[in-house]
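Side-chain atoms are counted along with the backbone in the values below, which use heavy atoms only and exclude waters and symmetry mates.
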Amino acid sequence: MKKDIDSSSLAEVVDRILDKGIVIDAYVRVSLVGIELLAIDARIVIASVNTWLRYAAAVGLTEIHHEF
């Protein structure tokens, strides 16, 4: 019985994460004596495809940009 409760709780958590989505936005910069050695800009999105498409449309990631 305990295992069924744990399984359903985990399933509910995963379902909620995929439904609502999680976005981790990070910017890391490493400098030494005023010289930037490394810069990392990362955006990690954990969501269902539908949730991600809504997020991408909201932040303008679905627009096609041509660079020539």
Using salt bridge (charged side-chain N to carboxylate O under 4.0 Å, His left out) as the criterion, list what pairs up with D41, not counting sequence neighbours. none

Shared hydrophobic cluster for V59 and V49 (ILVMFWY, side-chain gaps under 4.5 Å): yes

Would you please name every residue forming a side-chain hydrogen bond (donor to acceptor under 3.5 Å, both in side chains) with R16, sequence neighbours left out? none

Should L37 and V33 be counted in the same cluster of Ile, Leu, Val, Met, Phe, Trp and Tyr side chains packed under 4.5 Å apart? yes

Please identify each residue that fulfils side chain to side chain contact (heavy atoms under 4.5 Å, CB included) with A39, with sequence neighbours left out. Y27, E36

